[in-house]
Engineer: 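Quick one: the structure is below, and I'll ask about it shortly.
Read the numbers this way: they start at 1 and go in the same order the structure lists the ligands and their atoms. Excluded from the calculations below are hydrogen atoms, water molecules and symmetry mates; all remaining heavy atoms, backbone and side chain alike, are included.
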Amino acid sequence: MKIVDMRIHSIAIADPPLRSSYGLHAPYALRTILELQSEDGIVGISETYGGQAPAQALRQLRPQIVGADSYRLTGFLSPMVEGQGAGFERSQTYLVPGENPLDATTRTYAAIEVGCLDLIGKSVGQPVCDLIGGRVRDEVAFSAYPFYKHAGGGGEGDDVREDEYGEALTPEALVQQAKQMVSKYGFGSVKFKGGVLEPDLEIETIKLLRQELGPEVPLRIDPNSAWTVETSLRVGKALAEELSGGGYLEDPTAGLDNMAEVRRRLVAEGIMTPLATNVAVTSFGDIPRSIELDAVQIILCDHHYWGGMRQVQHLANLCKVFGIGLSMHSNSHLGVSLMGMAHVAAATPHLTYACDTHYPWQSEQDEVVEGGRVSIVNGCVKIPDKPGLGVELDYDQLARGRERYEKCPYRKRDDEAQMRKHIYPDWKRILPRW
Ligand code: GKR
Ligand code: MG
């Protein structure tokens, strides 16, 4: 099935002022929507990181894509994920995901792979999860993702959005936000973004979350490497009980050696809280050393930067062999990405935790999926009984996203710059901060 056209849409979507150790989310997050059209008029779609560089990388591949057979294309492009250099270490700590030049190629490949799978699925009348090995579940569980945040719902000028969750810069406010999110979407677990307030306040936040949500809701905290080894140990000890029973401690500190030291010293005290990562291990090349050091007990996959859905499935198998858990990472995204995440998760047997998603932070107004936002019910996304990813584009909404992008003064994500612009003029990302 020949691809006759490839369309790349750079869009901007409103994003609330969420905080992390990277800094502050900008009023708009940038995304790229890719369309691959076949000779018989079927359109396959995918969503990936936004801004200038991802769109440019896709544009550069256009001559290889237009005219290619959608069934064979990813085979021809496979050196992008499996060739020289592709397996090498790519771990990164300082850069925001999506801005790591070392995984730019796998990110580009992933967008094309998902677009081809959607196209093929729509052409043969099969959902993507059933093309990539077959589903092992019909519903995929996601976790709530509360953030400390400033007041505001995202957007700017006459495009400012309603602030659904309000300001949350204290443990109490964060817990309120989490409860609101859990009650709206029915999430059964909570991934909490830390690395923003003093560690003692973040410990208090987790303790309050446990108190309010009960022990049956697994809790995770991710300070994005903001802590020293000593602080990580202090937090790990203080939260030994709260992070047990299906929870984990994600990227407390930077680098595999430090993660390994935290693990070793926690285990020596009888604390078995697993350490998870989405920055110390971001490629197959990072895995041997991580295993050698026992630095990481859970890897967060993400088809957007691991090189697509089949690479995530390979990763899952490897994790299973080595007794490592698998969870899923996310960044601000719309429904096309959410469906991609749900399909790969549905067809990945060894997925041992509910997946992350930023989806509750985006609004209906920005959704480019026809029919509006994808539903999350009881914390789960159901695989629809439709071919491909199960979603189509709403072209009016896409055009609005493109207009917002044109008006946006930035072309990449830079949370540090946003922090300086809106909150503290001298702010710098310091790792470790505490
Ligand atoms: O959205 O600010 C954020 C997160 O910190 C995000 O950039 C991370 O990539 O969610 C991510 C994570 O788990 O590290
Ligand atoms: Mg993380």
Engineer: Tell me whether Glu250 has at least one N, O or S atom under 2.8 Å from the Mg ion (ligand 2).
Structural biologist: yes
Engineer: Run the salt-bridge test on Arg161 and Asp163 with the 4.0 Å N-O cut-off and return the result as yes or no.
Structural biologist: no
Engineer: Report yes if some N/O of Tyr145 lies less than 3.5 Å from some N/O of ligand 1; otherwise report no.
Structural biologist: yes
Engineer: Quick one: does Arg19 get a heavy atom under 4.0 Å from ligand 1?
Structural biologist: no
Engineer: Can a non-hydrogen atom of Arg413 be found less than 4.0 Å from any atom of ligand 1?
Structural biologist: yes
Engineer: Applying a heavy-atom cut-off of 4.0 Å, say which part of Ser332 lies close to ligand 1: side chain, backbone, both or neither.
Structural biologist: neither
Engineer: Against the six-membered ring of Phe147, is Arg19 placed for a cation-pi contact (under 6.0 Å from the centre, within 45° of the normal)?
Structural biologist: no
Engineer: With heavy atoms of Tyr22 as the reference, note each atom of ligand 1 found under 4.0 Å away.
Structural biologist: 5 (O)
Engineer: Taking only heavy atoms of Asp222 into account, list the atoms of ligand 1 that are under 4.0 Å away from them.
Structural biologist: 12 (C), 13 (O), 14 (O)
Engineer: Report yes if the distance between the aromatic ring centroids of Trp361 and Tyr145 is under 6.0 Å, otherwise no.
Structural biologist: no
Engineer: To which protein heavy atom is atom 9 (O) of ligand 1 closest, and what is the distance rounded to 0.1 Å?
Structural biologist: His329 NE2, 2.7 Å
Engineer: Counting non-hydrogen protein atoms only, what is the nearest one to atom 3 (C) of ligand 1? Give residue, atom name and distance.
Structural biologist: His25 NE2, 3.1 Å
Engineer: Only heavy atoms of Phe147, strictly under 4.0 Å: list the atoms of ligand 1 that pass.
Structural biologist: 1 (O), 2 (O), 3 (C)
Engineer: If we only count N/O pairs under 3.5 Å, is Asn224 in contact with ligand 1?
Structural biologist: yes
Engineer: Got a sec: does the OH of Tyr395 have more than 12 other heavy atoms crowding it under 6.0 Å?
Structural biologist: yes
Engineer: Below 4.0 angstrom from a heavy atom of Lys193, which ligand 1 atoms are there? Numbered from 1 as shown, please.
Structural biologist: 4 (C), 5 (O), 10 (O), 11 (C), 12 (C), 13 (O), 14 (O)
Engineer: Can you tell me if, anywhere in Asp251, an N/O/S atom lies at a distance from the Mg ion (ligand 2) that is smaller than 2.8 Å?
Structural biologist: no
Engineer: Under the 6.0 Å and 45° cation-pi test, does Arg107 pair with Tyr49?
Structural biologist: yes
Engineer: Do the side chains of Glu230 and Arg265 get close enough for a salt bridge, i.e. N-O under 4.0 angstrom?
Structural biologist: yes
Engineer: Determine whether Phe192 and Leu219 satisfy the following criterion, side-chain contact (heavy atoms from CB on, under 4.5 Å), listing intermediate values before the conclusion.
Structural biologist: CA-CA 7 Å; Phe192 157 53; Leu219 302 176; over 6 Å; no
Engineer: Can you find a non-hydrogen atom of Asn331 under 4.0 Å from ligand 1?
Structural biologist: yes
Engineer: Tell me which part of Val279 gets within contact of ligand 1: side chain, backbone, both or neither, using heavy atoms under 4.0 Å.
Structural biologist: neither
Engineer: Which atom, among the N/O/S set of Asp222, is closest to the Mg ion (ligand 2)?
Structural biologist: OD2
Engineer: For the 3.5 Å polar cut-off, considering only N or O atoms, please tell me whether Asn278 and ligand 1 meet it.
Structural biologist: yes
Engineer: What closest approach, in Å, do Tyr305 and Thr106 show between heavy atoms, and which atom pair accounts for it?
Structural biologist: O-OG1, 3.1 Å
Engineer: Could you check whether Arg429 pairs with Asp415 (Lys NZ or Arg NE/NH1/NH2 to Asp/Glu carboxylate O, under 4.0 Å)?
Structural biologist: no
Engineer: Is Asn224 close enough that one of its N/O/S atoms sits under 2.8 Å from the Mg ion (ligand 2)?
Structural biologist: no
